[in-house]
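Residues take their numbers from the sequence shown, with the count starting at 1. The figures here come from the full heavy-atom set of this structure, side chains too, leaving out hydrogens, waters and symmetry mates. Note that the coordinates shown come from a computational prediction; the quantities given were computed from them, not determined experimentally.
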Amino acid sequence: MVERLRDHYGIADLRVLNVMDRLPRHLFVPEALRSQAYKDNALPIASGQTISQPFIVARMTEILDLTKRDKVLEIGAGTGYQTAVIASLSRAVFAVERLPNLAAEARERLKRLGIYNVSLKTDDGTVGWDSYAPYDAILVAAGGPEIPHPLIDQLRLGGRLVIPVGIDQKHQNLVRVIKTESGIETRDFGPCAFVPLIGEHGWRPDR
């Protein structure tokens, strides 16, 4: 998996590659799918959600350019795999998961793996987690119709936010935002496919 990330996709950040080489991805997927854990595709998990393709996990993490000083907000913890990756590269992660069953399982899984710099709660991720703002970096693992303004508000000056954005739930592009004194700077990193970002500042649950 890591060789393909490096040689085929051009992931160059050795910190990201080393973390993903070390983390047991198979422990983050349903038992029936563990034989597919290291293949180059997303996999279904509980409640109609997915664990992202390894390339997307690596790309989003690389784009964030994390350091061990960073405080990170993650929206959409899922099974906790991306959470574990960014927690290994940063000082602290505050993760929000909308679905209680996924949040509980992710919390227990991270604890078993000895990852203790993560705080995880069940809530509407589109409103962020204001109590611990501002954040050095924010990662959103679901696709929304626009960038939720509460997340921009909770980003420190110079902070980075990575999010899939699209005009509908089937067509998204991966966007990085950097907060500046005059507003925000955005860069498009190309097409991607994510589950919808549901919440007050995302898609409605019935869409």
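- Crowding of Lys170 atom NZ: a count of heavy atoms from other residues, nucleotides or ligands under 6.0 Å not exceeding 12.
- The shortest distance between side-chain heavy atoms of Tyr116 and Lys111 falls below 4.5 Å.
- In terms of modelled atom types and a separation under 3.5 Å, the side chain of Thr126 and the main chain of Glu200 share a donor-acceptor contact.
- Remark: side-chain polar atoms of Asn117 are paired, donor with acceptor, to backbone N or O of Ala87 under 3.5 angstrom.
- Counting heavy atoms from C-beta on, the side chains of Arg176 and Ile63 come closer than 4.5 Å.
- The main-chain N or O of Ile152 is found under 3.5 Å from a side-chain atom of Lys179 such that the two form a donor-acceptor pair.
- In this structure, Thr79 and Gln49 have side chains that are not in contact, with every pair of non-hydrogen atoms separated by 4.5 Å or more.
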Should Leu139 and Leu73 be marked as a side-chain contact (heavy atoms from CB on, under 4.5 Å) after you check the CA-CA gap, both sets of side-chain angles, and the distance that decides it?
CA-CA 6 Å; Leu139 185 149; Leu73 174 65; over 6 Å; no

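- At distances below 3.5 Å, not a single donor-acceptor pair connects side-chain atoms of Arg160 with backbone N or O atoms of Ala137.
- Side chain of Lys71 to main chain of Val93: no donor-acceptor pair is present (N/O by atom type, distance under 3.5 Å, no hydrogens or angles).
- Using a 4.5 Å heavy-atom threshold, the side chains of Val165 and Pro145 count as separate.
- For the atom pair OG1 of Thr186 and CG of Leu161, the computed distance is 11.0 Å after rounding to the nearest 0.5 Å.
- Using a 4.5 Å heavy-atom threshold, the side chains of Leu197 and Pro164 count as separate.
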Can you list the steps and then say if Ile138 with Val162 is a side-chain contact (heavy atoms from CB on, under 4.5 Å)?
CA-CA 6 Å; Ile138 299 176; Val162 175; over 6 Å; no

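- In this structure, the side-chain hydrogen bond (donor to acceptor under 3.5 Å, both in side chains) partners of Ser182, at least two apart in sequence or on a different chain, are Thr180.
- Residues passing the side-chain contact (heavy atoms from CB on, under 4.5 Å) test with Glu3, sequence neighbours excluded: Arg6, Asp7.
- Electrostatic pairing of Asp136 and Arg156 counts as a salt bridge here, judged by a charged N lying under 4.0 Å from a carboxylate O.
- Of all the heavy atoms in Trp129 and Tyr135, the pair that sits closest is O-OH, 2.5 Å.
- Using modelled atom types, no side-chain atom of Gln172 and backbone atom of Pro191 make a donor-acceptor pair closer than 3.5 Å.
- The side-chain heavy atoms of Ile11 and Thr61, taken from C-beta on, include no pair separated by under 4.5 Å.
- To the nearest 0.5 Å, atom CD1 of residue Ile167 and atom CD of residue Glu146 are 13.5 Å apart.
- With sequence neighbours excluded, no residue satisfies side-chain hydrogen bond (donor to acceptor under 3.5 Å, both in side chains) with Ser52.
- Formation of a donor-acceptor pair under 3.5 Å by the Asn18 side chain with backbone atoms of Leu14 is found in this model.
- Applying the salt bridge (Lys or Arg N to Asp or Glu O under 4.0 Å) test to every pair with at least one member in residues 23-41, sequence neighbours left out, gives these pairs: Arg4-Asp40.
- Contacts of Asn101 classified as side-chain hydrogen bond (donor to acceptor under 3.5 Å, both in side chains), with partners at least two apart in sequence or in another chain: Ser47.
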Test side-chain contact (heavy atoms from CB on, under 4.5 Å) on Asp188 and Leu174; report intermediate values, then the result.
CA-CA 6 Å; Asp188 190 326; Leu174 190 61; 5.8 Å; no

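- Val16 and Phe28 end up in the same hydrophobic cluster when Ile, Leu, Val, Met, Phe, Trp and Tyr side chains are linked at under 4.5 Å.
- Looking at Arg109, its side chain does come within 3.5 Å of a backbone N or O of Leu27 through a donor-acceptor pair.
- Qualifying side-chain contact (heavy atoms from CB on, under 4.5 Å) partners for Arg15, counting only residues two or more places apart in sequence or in other chains: Asp13, Asp65, Leu89.
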Can you list the steps and then say if Arg98 with Asp123 is a side-chain contact (heavy atoms from CB on, under 4.5 Å)?
CA-CA 5 Å; Arg98 183 175 62 91; Asp123 208 342; over 6 Å; no

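- Between Gly199 and Asp124 the shortest heavy-atom distance is CA-OD1, 3.4 Å.
- A donor and an acceptor atom, one from each side chain of Glu74 and Thr83, are located under 3.5 Å apart.
- Two residues are said to be in side-chain contact when any heavy atoms from C-beta on lie closer than 4.5 Å; Asn41 and Phe55 fail this criterion.
- Using a 4.5 Å heavy-atom cutoff, the side chains of Glu97 and Thr122 are not in contact.
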